[in-house]
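Below is one structure, written out as structure tokens; comments come after it.
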Amino acid sequence: MKKIVLRPASLSPSGKSYRIDYASVLNAQQYEAVMHNDGPALVLAGAGTGKTRTLTYRVARLVEDGVDPTSILLLTFTRKAAAEMLRRASQLLDGRCEKVSGGTFHAFAFRVLKSYGIPNSEQRAAYSIIDQADAQDIMSLVRSKYDLAQRRKRFPQKGTLHDMYSKSVNMSMPIDDVISEQYPQFIDDTETIRQMIHAYNDYKHRNGLFDYDDLLLYLLAMTRHETVGNALRAQYRHVMVDEYQDTNNLQHQIVLGLSGRSGNVMVVGDDAQSIYSFRGADVRNIHNVPTSFDSCTIIRLEQNYRSTQPILDVCNAVLEEAPFMFEKRLRAHREGGDPPMLITARSERQQSQFIAQHVLELREQGVPLAEIAVLVRSGFLSFDLEIELQRANIPFRKFGGLRFAEAAHVKDILARLRITENVRDVVSWFRVLQQLEGIGQKTAQTILDNLLEHTDPLTEPERTFGSSGKAANSLANLLHELAKARVVRHPLDRLQFIAENYKATLERLHDDAQKRWKDIETIIGIGGRYGSCQEFLDDIALEPPTDGLDTIDPDDGESEFTTISTIHSAKGLEWRVVFVLSVNEGRIPSAKSADSERSLEEERRLLYVACTRAKDMLILSYPDVMAEWQHSDVLSRPSRFLDNVTTELCPRYFLAEEKEESQGRLT
């Protein structure tokens, strides 16, 4: 039987006793944050330092102190995060914590809108909220009213138009600047785009519709409305905001409007983990907190409960040269641990082979597959590894980006390649035909029926196969291209030929064609390693088209799997063993980030976030030669962000093959 002992109750600064012994369950910095009472505070919560725990205990402490739970507002970036914090606070204390107002910015805005109506309007609740898909459909409706068919250049699709508008709202940036900075290929269409966005907003307002961006705009307007703003500030006496490094300018202004410059506002975040600028997040928001609020207290959480000190030493070194960062150094709560490793592979394929081999070895040593993750800067960087894991029968799931054979543009290339190997491939024909100008679903089916009546339609490219006009011309060009591709024997050369002919279709179908082209280059590089096209197709056609990666299990029926994830999707997660793939110049930082210091520093933070996911083992790797088929293979070097990481902190190894033994041994 456990011995029961008496312990003195925790006391508040005023001498009040607490049911929860905050001083004994929190470290000194967490305790300071939990007990902070009056005025603004910025809690700099490093990776793995107990940010959620701190917020949870502060909610409980405020309620214990007699603060009306309905006057506490907890803003998070997911409903799940807010619900989990309030559930845990209720378990710590009692059901009063469930009365705290918690949720996302958008959900809170909707509640306020329902309560107060639209400022300076007689209407109350005469509106509907539309999701992103509905918003894009409205943008498509507006777009269809313009005569775009006569244009010589492609015009942005509905999704791109909506993204432009949304970024303009959330970043508080004129649409002209958004286009010139992030969509320069459409700068000549700025005036037309501006007209479409005006028409889009007019359509919503005439029909009583609110999109997600409208919710934030109206919430900001209400905080600035004399009557409503004062009522909101009187109701919410304590405001807490999680993940402040991920806020955009509009959200920052909302927080200022809700609390005022000197209100009881506590924002929690880590500038070192600000990696979502592509969503409109601005790291300057958290940097500007001390000047945005009067007499702001800064509290640093630096004791890390996740990783070993050798891992944290590498993480700290990555940030050592970062400018404009809050000073912060992670310290491990745990003792011991092995130093991380930086591994040089001869090629991307050898890098993949080593990781697959090492995953198997770790599993034999007792590390569950679920405790192993491979993190990549971009989804295409894991394409090669996916093949190796499948070959080794290692189950995995991929998060962030698509499994490489599932990306639309990749499927387009593979469909064309399959036709050159099998002219009876109905699925591939149907996909390719519908991408041709002048051919819709009905015409594609007619053509396909006629194609299949012939033994080898690629030998008769002059036939129309039931098409006419523009459709007939498009079909003839396709048949000629595929017939020429088929006689090219080597997979590398055939894939290059197919890709070059597909490029115009890619640019017509996708506004982000340049980004997608990188994926296609990667696939060509992988295919070029095979002796035949059929061998390549067989290796990647590992599951039926309807099956997702989630269904892949080993033969013995086990359900565990290794994780492949982009770094963006891995934020907030942790594993015992973390591999960070392709940590070299041109990958992280990505080549396109080199022109901007802000972009470059976000790349540094990405590497930091990746490294801080590891609990026990961190392995960084990069290929000595990067496959760039269009520009030939190029020699590589480790990321510049590792320049301050000494060999004492992170020993270097290279991969060598042992004769008559498995490949990829450390040497």
Side-chain angles (χ1 to χ4, degrees), residues 29 42-51 243-246 267-277 281-290 298-334 337 339-342 375 377 566-568 570-574 578 580 582-585 587-590 593-594 596-615 618-620 622 637-652:
Q29 292 73 36
L42 166 61
V43 178
L44 293 169
T49 58
K51 167 182 66 69
E243 303 284 12
Y244 207 74
Q245 77 280 351
D246 295 335
V267 302
V268 181
D270 182 8
D271 56 342
Q273 297 187 73
S274 179
I275 59 174
Y276 294 118
S277 64
D282 193 338
V283 69
R284 291 174 295 186
N285 288 345
I286 194 168
H287 287 159
N288 292 337
V289 166
I298 299 178
I299 303 168
R300 290 173 169 81
L301 304 185
E302 298 173 299
Q303 184 151 359
N304 178 285
Y305 294 89
R306 175 186 299 151
S307 309
T308 61
Q309 192 60 51
I311 291 174
L312 295 182
D313 288 340
V314 170
C315 298
N316 290 330
V318 167
L319 290 184
E320 211 164 87
E321 296 296 322
F324 318 120
M325 298 283 287
F326 285 113
E327 186 178 342
K328 184 170 68 280
R329 196 165 188 84
L330 296 178
R331 305 183 307 272
H333 179 71
R334 302 164 55 196
M341 295 184 286
L342 176 60
L375 305 184
R377 167 61 182 87
T566 61
I567 301 171
H568 287 100
K571 186 173 175 290
L573 303 176
E574 59 184 40
V578 170
V580 187
S582 297
V583 186
N584 48 290
E585 281 292 306
R587 299 301 194 220
I588 182 163
S590 65
S593 68
S596 163
E597 185 180 33
R598 286 181 64 186
S599 297
L600 202 59
E601 286 308 309
E602 182 158 328
E603 295 287 307
R604 183 196 300 274
R605 297 192 295 270
L606 268 171
L607 180 57
Y608 173 82
V609 167
C611 294
T612 54
R613 301 306 98 197
K615 295 193 285 186
L618 173 64
I619 301 173
L620 309 171
Y622 74 99
R637 63 172 291 259
S639 168
R640 70 185 72 184
F641 304 137
L642 297 175
D643 289 349
N644 287 330
V645 180
T646 65
T647 54
E648 288 76 23
L649 294 179
C650 186
R652 270 63 166 170

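All of these numbers come straight from a predicted model, not from anything done at the bench.
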- Query: Hey, are K51 and E243 close enough for a salt bridge, meaning a charged N less than 4.0 Å from a carboxylate O?
  - Reply: yes

- Note on the structure: Between K328 and A272, the two heavy atoms sitting closest are NZ-CB, 4.3 Å

- Query: Do you know which two heavy atoms are closest between F641 and P589, and how far apart they sit?
  - Reply: CE1-CD, 3.5 Å

- With sequence neighbours excluded, tell me which residues meet ring pair (Phe, Tyr, Trp, His ring centres under 6.0 Å) with F324. none

- Message: On a heavy-atom basis, which atom in I588 and which in S639 lie closest, and how many Å separate them?
- Response: O-OG, 2.8 Å

- Query: H333 vs Y305 aromatic rings, parallel, tilted or perpendicular, using cut-offs 30° and 60°?
  - Reply: tilted

- Message: Rounded at 0.5 Å granularity, tell me how far CG in L607 sits from OG1 in T612.
- Response: 9.5 Å

- Query: Can you list the steps and then say if L642 with R637 is a side chain to side chain contact (heavy atoms under 4.5 Å, CB included)?
  - Reply: CA-CA 10 Å; L642 297 175; R637 63 172 291 259; over 6 Å; no

- Task: Could you list the residues that satisfy side-chain contact (heavy atoms from CB on, under 4.5 Å) with R331, not counting sequence neighbours?
- Result: Q29, E302, Q303, Q309

- Task: Could you grab the distance from atom CG of L375 to atom OG of S582, nearest 0.5 Å is fine?
- Result: 12.0 Å

- So how far is it from E601 CD to I275 CD1, rounded to the nearest 0.5 Å? 14.5 Å

- Message: Do D643 and E321 make a side-chain contact, defined as non-hydrogen atoms from C-beta onward lying under 4.5 Å apart?
- Response: no

- Task: Taking the side chain as every heavy atom from C-beta outward, state whether V645 and L342 have any pair of such atoms under 4.5 Å apart.
- Result: no

- What are the two closest non-hydrogen atoms of I286 and D270, and how far apart are they? CD1-N, 3.8 Å

- Message: To check you understand the geometry: which heavy-atom pair defines the closest contact between N304 and A47, and what is its length?
- Response: ND2-O, 2.5 Å

- Item | Pairs touching residues 304-320 that satisfy salt bridge (charged side-chain N to carboxylate O under 4.0 Å, His left out), sequence neighbours left out | R306-E574

- Could you tell me which non-hydrogen atom of A614 sits nearest to which non-hydrogen atom of S307, and how far apart they are? O-OG, 2.6 Å

- State which residues pass side-chain contact (heavy atoms from CB on, under 4.5 Å) with T49; sequence neighbours excluded, sorted by chain then number. A45, L301, L330

- Taken in chain and number order and not counting sequence neighbours, the residues that satisfy ring pair (Phe, Tyr, Trp, His ring centres under 6.0 Å) with H568 are Y276, F278

- Message: Can you confirm whether L620 sits close enough to P340 that some side-chain heavy atom of one is under 4.5 Å from a side-chain heavy atom of the other?
- Response: no

- Pick out which of H287, R284, R605, Q245 makes a side chain to side chain donor-acceptor pair (under 3.5 Å) with D271. H287

- Query: Taking only residues two or more places apart in sequence, or in another chain, which ones meet S590 in a side-chain contact (heavy atoms from CB on, under 4.5 Å)?
  - Reply: R377, K592, S593, E603

- Query: So, the side chain of R613 versus the backbone of V609: is there a donor-acceptor pair under 3.5 Å, distance only?
  - Reply: yes

